[in-house]
2 protein chains.
Amino acid sequence: MNLDAVAKRAGVSTATVSRVLNDLKVVRSSTRARVLKAAGELNYHPNLHARSLARGKSRTLGILVSNMENPFFFDIYRALESAAHARGYEVVVANTDYRSEQLVSSVRLMIGWRVAGLAAIVSEMDANLMQALNDSRIPIVFYDVGTPRKNITNVRVDYRKGMKKIAGYLHSLGHTRMAFVGHHSTLGPISERRKTFLETIARFTPGTEGQIVAGADGLEGGRQAARELLASNFHPTAILCVNDFMAVGVLRELRDQGIRVPNDISVTGFDNIKLAEFCSPALTTVHIPREQIGQTIFENLLPDSKRDQMSGREILIDPELVVRESTGLARKTQNSAGGKEKSLAGRSANS
Amino acid sequence: MNLDAVAKRAGVSTATVSRVLNDLKVVRSSTRARVLKAAGELNYHPNLHARSLARGKSRTLGILVSNMENPFFFDIYRALESAAHARGYEVVVANTDYRSEQLVSSVRLMIGWRVAGLAAIVSEMDANLMQALNDSRIPIVFYDVGTPRKNITNVRVDYRKGMKKIAGYLHSLGHTRMAFVGHHSTLGPISERRKTFLETIARFTPGTEGQIVAGADGLEGGRQAARELLASNFHPTAILCVNDFMAVGVLRELRDQGIRVPNDISVTGFDNIKLAEFCSPALTTVHIPREQIGQTIFENLLPDSKRDQMSGREILIDPELVVRESTGLARKTQNSAGGKEKSLAGRSANS
DNA sequence: AAGAATTCTGTAACCGTTTACACTATCACA
DNA sequence: TGTGATAGTGTAAACGGTTACAGAATTCTT
């Protein structure tokens, strides 16, 4: 079931078979028909390894994702894939599960497969690996890599703007004690989002206190973070979560402790995954256009276009506030230990 | 950056380099060291296409999934992948999105890649394609294919048992008007699950009426189905959903219509995804052990073992009832139009 | 009907590995 | 110091395609 077999059966050479299969219109149509018939009868499927080896290049794109389980990333993947398919590219995806060891082996795999381009939607990317990737000469686009660097192209959500919108909205509802719930990989000590939160609070919502809590990602992590937060002596009137999943976890814990949302505490998410609309109460969140992100990544991955591939660029994506049921007017703070102007505190729960 | 380059740099032949890279211990350790050094300096990554071409077989498994977005399938995938990695196999996954056209092209891709085995976790599999796959001589394991067939190995959840448990439980709470919410691909006119529901109702919960509603899969589909159900003149005291996602959609709609769960209506899911524990109210559902499924699929995919690959077998997985907050005692039916014994009705909403 | 132009097809080298086989060191032992 | 045995390495033929190049077949000119 290789080219040879088809060639024999059709009474032509392998070259001709190859031409037919690749739709080069140089072949006489009668020959073409004979070849297709033979291929069909033999149930022939070209060996794609041999093909990419011979061609020296593939039309396959690689995608690295930290957490495919999060529909947010999944949607990006889906958009990217559909853009790729539309242009005749295949896509292989590796889920790294936030494990850098897994990431390393996935990268090795992608390079081994000689993918035509690589989309890195991973938060556990470290400097070494980024260097290695750049050395590999594979076109690569990062999504939202924490610390921007020269020569890498990076599609990024404007978190600053999103944070401003959501914190501003909460502030307009009278909230002055806000907590930020993130997970470890978004909240390292030098994390940009951590800074963004603190700066936003400080600059745009005067007289507001802030607190940061970190946990694992996901539903469990959200619940756990809420637990810690409620056990602490910081009594927030609003809890801002780094993504919707964690927010749903937070909602769950509040409910278990008999705290009403939004009457007692307001909760917000980030991403606007489908679930945000379906949970109870429905989440106020920030919509991030995943389709746009996926498409943008794809477009910047393609070798075409006049812009030189190697000079990295930074693409900013705009988020949009979506108000639902989980936010409301701030309750009178029952034990505000004095809301002075300089009260901005940013102690992290995981020191 | 091919074997040749490394060989030159290390002053050996390509054969030796290959042997080093494949860990054949026939190489003298001093040579070995030189080769590894050269490979490292050149930042060499073997071309996996060439490798599988030369070897004539790959250690890559293919997975076809209808809906990777559903964490239920994702968990199976994850378990399968981790089992595979533990045995040195790679895994490529294709998401078919319930589109049979997409499935066809994914299958083509997998065959083209000459995967060592194929896991089909798809519900849109039709008879033709299954035939084609069997002809391709690739070991293949199906998950829960609707209509069992000779010569294919199929890992299946014992839905009958799960349905019995959940319907029996509801019956013990006094429910006698149950609706079943499924999506199109699980509820074709000849679907097994549809039959299972009806038979279970008939045999194990005497005096119970049943109704079937179908929609799209997922949160939206669940909401839509609930909407239709509530608009009909069948007034269920319990709604059984084919999976947890649809159940959450149902919960949402009930809440929007001011119907309390479980006080007014009980709702159940299926699968026991993480969300089932975190939504409000937490779902009573049926736990399906995804890790076990993933592992089982992998084990049955391997060429090892004395059991002949080609004689298909059927493996049944046992589900377990999980009671949470979404079910309670049946309310007195407000307009039961006479619950006679023969009242089992099975009209589908989408005729 | 012959030559030129054009269209179609075949030959063979190549892509980057693996691996059977042959060969050369190295070593143990008489 | 030869003689096997053994350990280490190289040569070259696959693997299954693609494609430059050349050659054959067809069509177009005159």
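Below, chains carry the letters A, B, ... as their sequence lines are ordered, and counting in each starts from 1. Values below: all heavy atoms of this structure, side chains included; hydrogens, waters and symmetry mates excluded.
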Which nucleotide, [options], lies nearest any side-chain atom of [X]?
| X | options | answer |
| --- | --- | --- |
| R28(A) | dC8(C), dT17(C), dG16(D) | dC8(C) |
| V12(B) | dG10(D), dT17(C), dT9(C) | dG10(D) |
| N22(B) | dT17(C), dT18(C), dT9(D) | dT18(C) |

Exercise for review: Describe the nucleic acid contact of T31(B) in one word from base, sugar-phosphate, nothing, applying a heavy-atom distance below 4.0 Å.
Suggested key: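 Sugar-phosphate only.
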Exercise for review: Using the side-chain hydrogen bond (donor to acceptor under 3.5 Å, both in side chains) rule, collect all pairs that involve residues 103-118 of chain B, keeping only residues at least two apart or in two chains.
Suggested key: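 Listed by first then second residue: Q102(B)-S106(B).
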Grab the [atom1]-[atom2] distance between [X] and [N] for me, whole Å please.
| X | N | atom1 | atom2 | value |
| --- | --- | --- | --- | --- |
| D4(B) | dA12(D) | CG | P | 14 Å |
| N47(A) | dA14(D) | CG | P | 18 Å |
| R51(B) | dT17(C) | CZ | P | 8 Å |
| L24(A) | dT19(D) | CG | C1' | 9 Å |
| L3(A) | dA14(D) | CG | P | 18 Å |
| M1(A) | dC15(D) | CE | P | 14 Å |
| R114(B) | dC15(D) | CZ | P | 13 Å |
| H45(A) | dG17(D) | NE2 | P | 12 Å |

Exercise for review: Can you spot which of L61(B), V65(B), L64(B) makes a side-chain contact (heavy atoms from CB on, under 4.5 Å) with V93(B)?
Suggested key: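 Of all the options given, the one that passes is V65(B).
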Exercise for review: Taking all non-hydrogen atoms of both residues into account, name the closest pair between R34(A) and G11(A) and its distance.
Suggested key: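 Smallest interatomic distance, heavy atoms only, reads NH1-O, 4.2 Å.
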Check your understanding: Can you name the nearest heavy-atom pair linking A119(A) to I297(A), along with the distance?
Key ->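 In this case the closest contact between A119(A) and I297(A) is CB-CG2, 3.7 Å.
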Identify the pairs formed between an N or O of the protein and an N or O of nucleotides 11-15 of chain C at a distance under 3.5 Å, and give each distance.
from, atom 1, to, atom 2, distance (Å)
dC15(C), O2, A54(A), N, 3.4

Practice item. In plain terms, say whether D97(B) and R78(A) are close enough for a salt bridge, that is, a side-chain N and a carboxylate O under 4.0 Å apart. Key: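 Salt bridge present between D97(B) and R78(A).
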**Study point:** Check: R313(B)/N154(B) side-chain N/O donor and acceptor closer than 3.5 Å
**Key:**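 No, no side-chain donor-acceptor pair sits under 3.5 Å.
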Exercise for review: Check the side chains of N70(A) and D217(A) for a donor-acceptor pair under 3.5 angstrom, ignoring hydrogens and angles.
Suggested key: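 Side-chain D/A pair, D217(A) to N70(A): absent.
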Review point. For G88(A), does its backbone N or O pair with a side-chain atom of R59(A) as donor and acceptor, under 3.5 Å?
Key: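 Flag set: sc R59(A) to bb G88(A) pair under 3.5 Å.
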Check your understanding: Which of parallel (below 30°), tilted (30 to 60°) and perpendicular (above 60°) describes F72(A) and Y143(A)?
Key ->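 Ring orientation of F72(A) relative to Y143(A): tilted.
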Practice item. Can you pull out how bent the helix from dA1(C)-dT30(D) to dA30(C)-dT1(D) is, comparing the axes over its first five and last five pairs, to 10°? Key: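 Both end axes considered, the difference amounts to 40°.
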